[in-house]
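The block underneath contains the structure these notes are about, expressed in structure tokens.
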Amino acid sequence: MTSAEHSFTGRGNFTEGFGLTTEPMPLEPYRSRDFFELEQKMIFRRAWLYVCRAEELPEPSNFVVKTIHGTGVSALITRTSGGRVQAFYNSCAHRGSIVVKEESGKAAKFACPYHRWTYSNEGDLVGVPDEENFFPSLDKSKCGLKKIATSEWEGWVFINLAPEPEVTLDEYLGPAKEFLSGIRYRGADNPVVFTAVLNSNWKVASDAFVESYHIPHIHKDTIGTTFASRANPFARLIGAYPLGTHRTVSMYGNPEYTIDPKNRVEALGSMGKDDKSVIAADVSEETLEFLSHPAINPEGADHWSMDIHQIFPHLHIDTGPGGFWTHQFWPVDEKTCFYEVRFYMMEAQTIQERFLQELYIGRVGEVVLEDLANLKFTQDGIDTGGQDTMQLQDSEVAIRHALAQIIKWTQAQTVKEALA
Ligand code: FES
Ligand SMILES: [Fe+2]
């Protein structure tokens with residue numbers, strides 16, 4: 001056994017450290033139509049919502065279209081000729097049609113597919129077929145694409161659906177901005193993307209990816225022995241940090257992990273690697289700078305596997321030994337959500353690197369499916385109405401904090417009050 005294991009006490013009292021109650025938490029927010037509508041109004045139409053990385057818009061005229069599930073909004077996000085990132089409602093000023101049907105592309109102008117009104121990528125209406133036939137005249141200056149408030153933080157692009165956002169993105173991020181400032185995200189232009197429509201409330205799905213308590217059981221055949229050990233059989237957290245309305249948790253990694261010899265593919269992929277973790281996409285020199293950031297493995301522990309930085313309301317930025325990946329959970333209705341996970345990695349330079357990446361994606365994909373397969377059972381059980389509360393233990397502190405924040409936002413009259 002390593003000395004790191006010997007020193008693991010595993011009792012953080014994180015819940016009290018967060019200043020949270022240890023009482024049971026309500027299940028009604030996970031099944032109620034009324035609560036879903038309240039969340040839409042008080043959270044998703046007031047909070048800054050992460051929509052894409054800046055690398056998805058590398059040059060002027062690049063655009064992406066993102067569906068803001070639950071709100072009915074299609075957002076057209078462009079890098080304008082001036083180089084700024086700006087989002088618009090993807091709706092034509094003529095009779096309201098969707099203007100851009102593609103999910104992404106490059107265009108200096110957007111022509112509505114219905115009657116071909118044409119807009120610049122600054123949102124200005126610049127072309128109207130048979131303009132003379134609008135009586136008495138058409139004021140084109142009043143017929144641009146409607147802007148959505150847009151702001152960027154270190155490559156993370158956010159929008160705000162409020163007519164006038166009550167706080168700036170900086171104010172919204174608060175302590176999370178300082179904590180995460182300066183991370184050198186590697187491979188941010190090179191994601192592998194999986195999406196799915198899930199039969200669960202968005203919080204049921206999000207919660208499944210922020211607690212370590214389930215790992216030794218749900219993932220016993222995949223990553224169970226990476227995230228747990230004899231010294232820490234229930235994969236207790238090693239760190240948890242409240243960041244205003246956001247939060248970070250840091251997870252245990254088994255320093256004694258060895259590859260099961262019968263898993264020949266994993267053994268082959270790990271040949272010559274020092275780090276045998278299945279969640280490490282690579283361990284190259286450049287990774288060291290990324291890993292040296294104080295928000296990554298904040299405890300500086302040898303027994304570390306990964307961190308989850310939860311940006312309110314529905315983004316997880318996960319950081320691990322080989323890089324970063326994101327999860328997003330968009331509410332569709334009270335029992336359905338849209339899920340997107342993006343694994344970012346450097347372009348492979350050699351066949352071995354490519355093999356390792358394929359192995360990595362195969363392994364993490366398997367782990368994610370183990371989590372997703374469980375969600376419908378969780379939701380169905382909640383929907384029976386047989387339980388009104390959930391009992392949360394200390395490794396589930398992020399769930400408790402997230403739900404407390406969500407409830408707070410639904411009750412706060414102003415965003416400043418929600419953030420206070
Ligand atoms: S609805 Fe767009 S041009 Fe008519
Ligand atoms: Fe899991």
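Whatever order the structure lists them in is the order used to number ligands and atoms, beginning at 1. Heavy atoms only: backbone and side chains are in, while hydrogens, waters and symmetry mates are out. Owing to the predicted nature of the structure, the values given are computational and were not obtained by experimental measurement.
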Q) Which ligand 1 atoms does R116 reach within 4.0 Å, using its non-hydrogen atoms? A) 3 (S)
Q. Do the charged groups of E37 and K41 touch, with an N to O distance under 4.0 Å?
A. no
Q. So which of Y360, W325, F324 actually passes ring pair (Phe, Tyr, Trp, His ring centres under 6.0 Å) with Y344?
A. F324
Q: Compute the angle centred on the Fe ion (ligand 2) spanning OD1 of D371 and NE2 of H219, and express it rounded to 10 degrees.
A: 90°
Q: Enter the distance from H316:NE2 to Q310:CD here, rounded to the nearest 0.5 Å.
A: 4.0 Å
Q) Counting from 1, what ligand 1 atoms have a heavy atom of Y114 closer than 4.0 Å? A) 1 (S), 4 (Fe)
Q. Does a side-chain heavy-atom distance below 4.5 Å link D388 with L27?
A. no
(Q) Can you name the atoms of ligand 1, numbered from 1 with element, that are less than 4.0 Å from a heavy atom of W117? (A) 3 (S)
Q) Under 3.5 Å, is there a donor-acceptor pair between the H115 and D130 side chains? A) no
Q: Give the atom name of whichever N/O/S atom in H214 sits closest to the Fe ion (ligand 2).
A: NE2
Q: State, to the nearest 10 degrees, the angle whose vertex is atom 4 (Fe) of ligand 1 and whose arms point to ND1 of H94 and ND1 of H115.
A: 90°
Q) In ligand 1, which numbered atoms sit nearer than 4.0 Å to a non-hydrogen atom of S97? A) 1 (S)
**Q.** Protein heavy atom at shortest distance from atom 1 (S) of ligand 1
**A.** R95 N, 3.4 Å
**Q.** Per-atom contacts, ligand 1 versus C112 - under 4.0 Å to a heavy atom
**A.** 1 (S), 2 (Fe), 3 (S)
Q. Only one of V397, V210, D394 clears side-chain contact (heavy atoms from CB on, under 4.5 Å) with L237; which?
A. V397
Q: Could you tell me how the ring of Y339 sits relative to the ring of F209: parallel (under 30°), tilted (30 to 60°) or perpendicular (over 60°)?
A: parallel
